[in-house]
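A short write-up of the structure that comes next.
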There are 2 protein chains.
Amino acid sequence: MAVNLDPTDWSILAELQRDGRVPLTELGRRVSLSASAVTERVRRLETEGVITGYRADVDLAKVGFAVLAVVRLKYPGSRHEPLHRLLAERSEILECLRTTGEDCYTLKVTATSMPHLEKLIDELAGFGSTTTSIVYSQTLPYRGPRTP
Amino acid sequence: MAVNLDPTDWSILAELQRDGRVPLTELGRRVSLSASAVTERVRRLETEGVITGYRADVDLAKVGFAVLAVVRLKYPGSRHEPLHRLLAERSEILECLRTTGEDCYTLKVTATSMPHLEKLIDELAGFGSTTTSIVYSQTLPYRGPRTP
DNA sequence: TGAAGATACCGGCAGATTCCCGGCCTGAGC
DNA sequence: GCTCAGGCCGGGAATCTGCCGGTATCTTCA
């Protein structure tokens, strides 16, 4: 399941996590490899599933989502489809982690305003009891792991 | 501060969040615009800070990080620099949200093994009391918001 | 009303990039 | 020593990007 990576692979991953649009020629320069060699490696990382995709990062506040919150959901039931259906419909739910502990789910939710957030929480509260924390700031932009 | 976006901009954002490496010509095709027009819009979104960057998504398990956890940290002090220094050093800490409520910080942490996670938690526990939940599964790959 | 300006779009072209191919080098196995 | 596989390099065709001028539409203001 796990894939073997050499230091060059780790450098490539670091560069692509920092800038997913860097041209392969420039990427080759940065990791001291020819463009064709680095192309081959990147393609291997993609086909083996190490790189699952490329995403543009969007500034939520800039596009009108002023509020960010962490919601913990105590979900007593065992039928999870209805919740998953809600997740698929509501793009405001950015992330959903199922965890150990009392709170079965930890969600990252965004909203345009407090009333909007309130409405979302009400929908989630239909599944179980919720605990909501408003996010002041997001200290770390996502960087991803380095070699273990 | 917020930026006005028309439906075409939202389509562009949706496409770029789904596939951040799509060529501008193909992107133009998908949103029914010429390559030059879409280039101009994307460049505007970038310079205005709506798009903050592009990142490759890496499968953590595939590269050896088998464990994912949510750690809540009750941080009694007001001096946050030491914590931030730790965040900068430890790439295992993927995300750090400062929130309202008793638990001042909510962190997303990855590790190669339980002993590795234990070591990380011990480091964090130096700052305050922690509550750790292991993540079973991550239900939603990040998709980002749609038009509000 | 009508002209000037701003905005957004298109087409086309030069230069850069990607993709694909054949060939070279090195190490492992026989 | 020979062969094979893996990884890398360089070159050329196809594609993409970045930039240009030109056009249509809408707004502004005289």
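Lettering of chains follows the sequences in order, A, B, ..., and the numbering in each one begins at 1.
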Please enumerate all protein N or O atoms sitting under 3.5 Å from an N or O of nucleotides 7-16 of chain C, with distances to 0.1 Å.
from, atom 1, to, atom 2, distance (Å)
C:dC9, OP1, B:R41, NE, 3.3
C:dC9, OP1, B:R41, NH2, 2.7
C:dC9, OP2, B:R41, NE, 3.2
C:dC10, OP2, B:S34, N, 2.6
C:dC10, OP2, B:S34, OG, 2.7
C:dG11, O6, B:S36, OG, 3.3

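- Ion pair B:R44/B:D9 flagged as a salt bridge, since at least one NZ, NE, NH1 or NH2 atom sits closer than 4.0 Å to an Asp/Glu carboxylate oxygen.
- For the pair B:T25 and B:A35, the tightest heavy-atom approach, listed with the atom from each and the gap, is CG2-CB, 3.9 Å.
- Using modelled atom types, no side-chain atom of B:R98 and backbone atom of A:Q138 make a donor-acceptor pair closer than 3.5 Å.
- With salt bridges taken as basic N to acidic carboxylate O contacts below 4.0 Å, one links B:E26 and B:R30.
- For A:S129, the side chain to side chain donor-acceptor pair (under 3.5 Å) test picks out no residue, with sequence neighbours left out.
- As rounded to whole Å, 9 Å separates atom P of C:dT17 from atom CD of A:E26.
- Remark: A:N4 engages no residue in a side chain to side chain contact (heavy atoms under 4.5 Å, CB included) (not counting sequence neighbours).
- Within the structure, ring-ring contact (aromatic ring centres under 6.0 Å, His included) contacts touching residues 37-57 of chain A (residues at least two apart or in different chains) do not occur.
- Protein chain B touches strand DNA chain D; the 5'-most and 3'-most nucleotides with an atom under 4.0 angstrom of its non-hydrogen atoms are D:dC16 to D:dC19.
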Listing, residues 61-75 of chain B side-chain donor-acceptor contacts under 3.5 Å, not counting sequence neighbours, or none:
from, atom 1, to, atom 2, distance (Å)
B:K62, NZ, A:E48, O, 3.3
B:R72, NH1, B:D103, OD2, 3.1
B:K74, NZ, B:E102, OE1, 2.9
B:Y75, OH, B:R79, O, 2.3

